[in-house]
Amino acid sequence: MRLRYAMVCSSNQNRSMEAHFVLKREGFDVCSYGTGTHVKLPGPSLREPNVYEFGTPYKQMFDDLRRKDPELYKRNGILQMLKRNLAVKTAPQRWQENGPDGYFDVVFTFEEKVFDMVVEDLHTRDHILLKPVLVINLEVKDNHDEAAVGARQTLALCQELEATDRWEDVIDDVISTFERQHRRKVVYAISFY
């Protein structure tokens, strides 16, 4: 694989991690991030989410939720999700603090507000390299089933990008073909490092 990818959602838990897992399994150079101020996982009610700092190990979250209510978090799939995350990396990372990770060729987001935050962040960085970065938003509902579908579609789009010599020359056609094949609207922008 010649391109470097970043998968970004709000908490670096479900959508970005499912895509990270799928792409990593297929041999892609991929990282994942969240854009939120904290990592939020569902709790016993909508008003009682479980909130963690970015950098808190997935294992620590797993142990915490298993201690609180193992049946609830098993039933809603959170414990299984955290097990998957553990197999991919140690802890959720925040997009806005990813400077040490270097640059990416393609950044996928899975929600419009996350896309806006990533594009805004890239525009406020110093553009030293003037290296283009493609930011793509594939809108995906934040549940386990939709995350799995979104990850497979992200993989398909990444495979199309890998098959091109220069994505900059063909991106309109690649996106248009993808939208027709998958019946999904994709938004994208180009920024620079």
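Ion pairing of Arg94 with Glu97 is present here, as a side-chain N (NZ or NE/NH1/NH2) and a carboxylate O approach within less than 4.0 Å. Salt-bridge check for Arg15 with Glu146: failed, with every basic side-chain N at 4.0 Å or more from each acidic carboxylate O. With respect to Arg67 and Asp63, no salt bridge is recorded, no charged nitrogen being found less than 4.0 Å from a carboxylate O. Salt-bridge annotation for Arg166 and Asp169: present, with a side-chain N of the basic residue lying under 4.0 Å from a carboxylate O of the acidic one.
Cluster annotation: Tyr5 and Leu138 are assigned to the same hydrophobic cluster (Ile/Leu/Val/Met/Phe/Trp/Tyr, side-chain heavy-atom contacts under 4.5 Å, transitive). Val107 and Leu157 sit in two unconnected hydrophobic clusters of ILVMFWY residues. Membership requires side-chain heavy atoms under 4.5 Å apart, directly or through other members. Note on Val133: it does not cluster hydrophobically with Met117, by side-chain heavy-atom contacts below 4.5 Å among ILVMFWY residues. Hydrophobic clustering of Ile, Leu, Val, Met, Phe, Trp and Tyr side chains at less than 4.5 Å, counting indirect connections, unites Val170 with Ile190. Leu23 and Val114 are members of different hydrophobic clusters when ILVMFWY side chains are connected at heavy-atom separations under 4.5 Å.
With sequence neighbours excluded, the residues satisfying side chain to side chain donor-acceptor pair (under 3.5 Å) with His38 are Glu53. Residues satisfying the side chain to side chain donor-acceptor pair (under 3.5 Å) criterion with Glu160, sequence neighbours excluded, are absent altogether. The side chain to side chain donor-acceptor pair (under 3.5 Å) check on Thr56 picks up nothing, with sequence neighbours excluded. Every residue meeting the ring pair (Phe, Tyr, Trp, His ring centres under 6.0 Å) condition with His182, not counting sequence neighbours, appears here in chain and number order: Phe178.
For the pair Arg4 and Phe104, the cation sits on the ring face: its NZ or CZ lies under 6.0 Å from the ring centre, inside 45° of the axis.
Sorted by first and then second residue, the pairs that involve residues 121-141 and meet salt bridge (charged side-chain N to carboxylate O under 4.0 Å, His left out), not counting sequence neighbours, are Asp105-Lys131, Asp121-Arg125. For the ring pair (Phe, Tyr, Trp, His ring centres under 6.0 Å) condition, no pair includes a residue of residues 44-64, sequence neighbours left out.
A donor-acceptor pair under 3.5 Å is formed between the side chain of Ser11 and the backbone N or O of Lys40. The backbone N or O of Asp101 lies less than 3.5 Å from no partner atom in the side chain of Asn98, so there is not a single donor-acceptor pair. Not a single donor-acceptor pair under 3.5 Å links the side chain of Lys24 to the backbone N or O of Val30. The backbone N or O of Leu3 sits less than 3.5 Å from a side-chain atom of Glu162, completing a donor-acceptor pair. His127 places no side-chain N or O within donor-acceptor distance of the main-chain N or O of Ser191, the cut-off being under 3.5 Å.
No side-chain heavy atom of Val22 sits less than 4.5 Å from a side-chain heavy atom of Thr154. The shortest side-chain heavy-atom distance between Val39 and Asn50 does not fall under the 4.5 Å cut-off. Put simply, the side chain of Pro42 does not reach to within 4.5 Å of the side chain of Tyr73, judged on heavy atoms. Residues Val149 and Val140 fail the side-chain proximity criterion, which asks for heavy atoms closer than 4.5 Å. Taking 4.5 Å as the limit, every side-chain heavy atom of Tyr193 sits out of range of all side-chain heavy atoms of Ile128. Annotation: side chain of Phe21 is not in contact with side chain of Met17 (no heavy-atom distance under 4.5 Å).
Interatomic distance, Gln96 CD to Thr124 OG1, rounded to the nearest 0.5 Å: 9.0 Å. To the nearest 0.5 Å, atoms CG (Asn76) and CD1 (Ile78) are separated by 4.5 Å. For the atom pair CD of Glu18 and CE of Met7, the computed distance is 12.0 Å after rounding to the nearest 0.5 Å. In this structure, Tyr33 OH and Trp95 CH2 are separated by 7.0 Å, a value rounded to the nearest 0.5 Å. Note that CE of Met81 is 10.5 Å distant from CG of Leu86, once rounded to the nearest 0.5 Å. With rounding to the nearest 0.5 Å, the separation of CZ in Arg2 from CH2 in Trp167 is 11.0 Å.
Dense packing is recorded around NZ of Lys89, with more than 12 heavy atoms of other residues, nucleotides or ligands lying under 6.0 Å away. Annotation: Tyr103, atom OH; neighbour count of heavy atoms from other residues, nucleotides and ligands within 6.0 Å does not exceed 12. A 6.0 Å sphere centred on CG of Leu129 holds more than 12 heavy atoms belonging to other residues, nucleotides or ligands. No more than 12 heavy atoms of other residues, nucleotides or ligands lie within 6.0 Å of NZ in Lys83, so this atom counts as exposed by the packing criterion. Counting heavy atoms of neighbouring residues, nucleotides and ligands inside a 6.0 Å radius, atom CD of Glu120 does not exceed 12 of them.
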Worksheet entry | Criterion side chain to side chain contact (heavy atoms under 4.5 Å, CB included) on Gln93 and Asn12, from CA distance to verdict | CA-CA 7 Å; Gln93 296 169 273; Asn12 198 196; 4.3 Å; yes
Discussion item. Applying side-chain hydrogen bond (donor to acceptor under 3.5 Å, both in side chains) to Ser176 and Glu179, what does each step give before you reach the verdict?
Written reply: CA-CA 5 Å; Ser176 176; Glu179 288 177 332; 5.3 Å; no
Practice prompt. Could you walk me through whether Thr164 and Ile171 pass the side chain to side chain contact (heavy atoms under 4.5 Å, CB included) test, one step at a time?
Written response: CA-CA 9 Å; Thr164 67; Ile171 190 59; over 6 Å; no
Practice prompt. Under the side chain to side chain contact (heavy atoms under 4.5 Å, CB included) rule, what do Val8 and Phe108 come out as? Steps first, then yes or no, please.
Written response: CA-CA 6 Å; Val8 187; Phe108 274 86; over 6 Å; no
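If you run side chain to side chain contact (heavy atoms under 4.5 Å, CB included) between Ile136 and each of Thr109, Leu161, Val174, only Leu161 comes through.
For Asn137 and Lys185, the side-chain atoms include no donor-acceptor pair closer than 3.5 Å.
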